[in-house]
Amino acid sequence: MDYVLTPPRITSAPVAGTARRFPVHRIYCVGSNYQAHAQEMGRTGREPPVFFMKPADALLPVESGEVGRLPYPSLTHDFHHEVELVVAIGEGGRDIPPAEAQRHVYGYAVGLDMTRRDLQAQMKKRAGPWCIGKGFEYAAPIGPVTAHAQAAQIGAAVIALNVNGVERQRGAIAQMIWNVPQIIAHLSAAWTLAPGDLVFTGTPAGVAAVERGDLLEASVTGLEPLRVRVV
Ligand code: MN
């Protein structure tokens with residue numbers, strides 16, 4: 001193929017225990033998927049799921065054992081952390097029933113849905129799209145993907161985030177309003193899922209702002225942790 005420009009590189013995430021990579025197609029996100037966070041954002045938690053996307057090149061892959069560098073973004077004075085379980089799709093499909101969702105999952109990772117909260121709030125007020133609050137460069141830090149077979153207890157996992165050694169967020173994967181098979185069913189009714197898609201599954205309560213110099217340590221039991229420093 002002869003292109004008029006150098007084609008963009010393929011975004012990828014590390015895979016735990018191997019030098020091979022997980023190539024990224026799309027990044028889907030679920031909003032308000034934990035009751036307490038839905039309430040802190042002014043929702044009841046009983047609404048149907050809200051989906052939004054980040055561009056694939058918003059991913060900030062962090063290698064095993066490393067601390068990623070997360071640049072403080074432009075235009076915001078309220079840069080928020082949201083620790084999330086990320087589902088890595090290995091097999092695509094559409095209209096996937098919840099009972100069949102599991103075989104579409106390659107694995108799981110720890111992610112951060114970083115958010116320019118002030119810009120998102122402005123857009124909510126104007127009933128505008130959230131892109132400027134959610135879809136900027138480096139807005140999706142992610143740790144290594146662990147294959148499903150090595151993460152069989154994910155449904156019983158604890159999800160947490162520490163900032164500078166102090167706990168900010170803690171929840172249980174079992175507290176999700178929409179569980180992973182239900183999310184895949186809803187998503188695949190609206191879009192055709194493809195191998196390489198990532199799904200950020202929502203954050204527990206406790207979202208708050210970070211500043212330059214802060215060290216974020218995100219964890220989900222059974223997965224490799226994700227560490228980034230805001231620079
Ligand atoms: Mn989120």
Side-chain angles (χ1 to χ4, degrees), residues 13-17 22 27-41 43 45-46 49-50 59-68 70 80-89 98 101-102 105-115 117 139-184 186-187 198-210 214-230:
V15 177
F22 183 88
I27 303 174
Y28 296 98
C29 303
V30 186
S32 299
N33 199 27
Y34 291 78
Q35 187 75 32
H37 173 63
Q39 286 168 347
E40 78 180 348
M41 299 306 288
R43 299 169 186 270
R46 288 187 293 275
V50 169
L59 200 74
L60 172 57
V62 180
E63 309 303 310
S64 181
E66 293 191 359
V67 178
L70 171 59
H80 271 210
H81 55 71
E82 297 189 358
V83 62
E84 309 203 357
L85 172 69
V86 182
V87 179
I89 300 295
Q102 202 55 66
V105 174
Y106 174 82
Y108 304 94
V110 182
L112 287 165
D113 167 14
M114 297 305 299
T115 302
R117 189 73 71 201
I142 189 171
V145 176
T146 295
H148 171 67
Q150 277 84 58
Q153 303 303 309
I154 198 74
V158 169
I159 181 169
L161 177 76
N162 284 13
V163 177
N164 302 327
V166 177
E167 187 173 284
R168 291 267 189 99
Q169 294 190 263
R170 172 173 287 266
I173 296 304
Q175 293 169 333
M176 283 183 178
I177 296 170
W178 306 94
N179 65 24
V180 170
Q182 290 167 333
I183 290 168
I184 289 173
H186 277 280
L187 264 181
L198 295 175
V199 185
F200 281 63
T201 58
T203 195
V207 302
V210 295
D214 285 351
L215 177 66
L216 284 65
E217 299 177 286
S219 64
V220 173
T221 319
L223 305 182
E224 289 203 33
L226 164 64
R227 293 190 296 162
V228 295
R229 188 174 297 279
V230 184

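The stretch residues 148-169 participates, sequence neighbours left out, in these salt bridge (Lys or Arg N to Asp or Glu O under 4.0 Å) pairs: Glu167-Arg170. For residues 151-166, every residue pair satisfying the side-chain hydrogen bond (donor to acceptor under 3.5 Å, both in side chains) rule, not counting sequence neighbours, is listed here: Asn164-Asp214.
No donor-acceptor pair under 3.5 Å is formed between the side chain of Thr203 and the backbone N or O of Glu84. In this structure, the side chain of Thr201 engages the main chain of Leu85 through a donor-acceptor pair within 3.5 Å. With hydrogens and angles ignored, the 3.5 Å screen pairs no side-chain donor or acceptor of Asn33 with any backbone N or O of Met176. Looking at Ser219, its side chain never comes within 3.5 Å of a backbone N or O of Pro225 through a donor-acceptor pair.
Across all their heavy atoms, Val67 and Leu215 have their closest contact at CG1-CD1, 3.8 Å. Contact record, Gln169 with Pro204: NE2-O, 2.7 Å, taken as the closest heavy-atom pair.
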Determine whether Ile89 and Ile184 satisfy the following criterion, side-chain contact (heavy atoms from CB on, under 4.5 Å), listing intermediate values before the conclusion. CA-CA 9 Å; Ile89 300 295; Ile184 289 173; 4.1 Å; yes
Go through Val83 and Leu226 one step at a time and tell me if the side-chain contact (heavy atoms from CB on, under 4.5 Å) criterion holds. CA-CA 10 Å; Val83 62; Leu226 164 64; over 6 Å; no
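With sequence neighbours excluded, no residue forms a salt bridge (Lys or Arg N to Asp or Glu O under 4.0 Å) with Glu40. In this view, Glu63 and Arg21 satisfy the salt bridge (Lys or Arg N to Asp or Glu O under 4.0 Å) rule, not counting sequence neighbours. Applying the side chain to side chain contact (heavy atoms under 4.5 Å, CB included) criterion to Pro181, with sequence neighbours excluded, gives Pro98, Ala101, Asn179. In this view, Glu82 and Arg117, Lys134 satisfy the salt bridge (Lys or Arg N to Asp or Glu O under 4.0 Å) rule, not counting sequence neighbours.
No side-chain heavy atom of Val220 sits under 4.5 Å from any side-chain heavy atom of Tyr108.
A distance of 6.0 Å separates CG of Leu112 from CG of Leu216, quoted to the nearest 0.5 Å.
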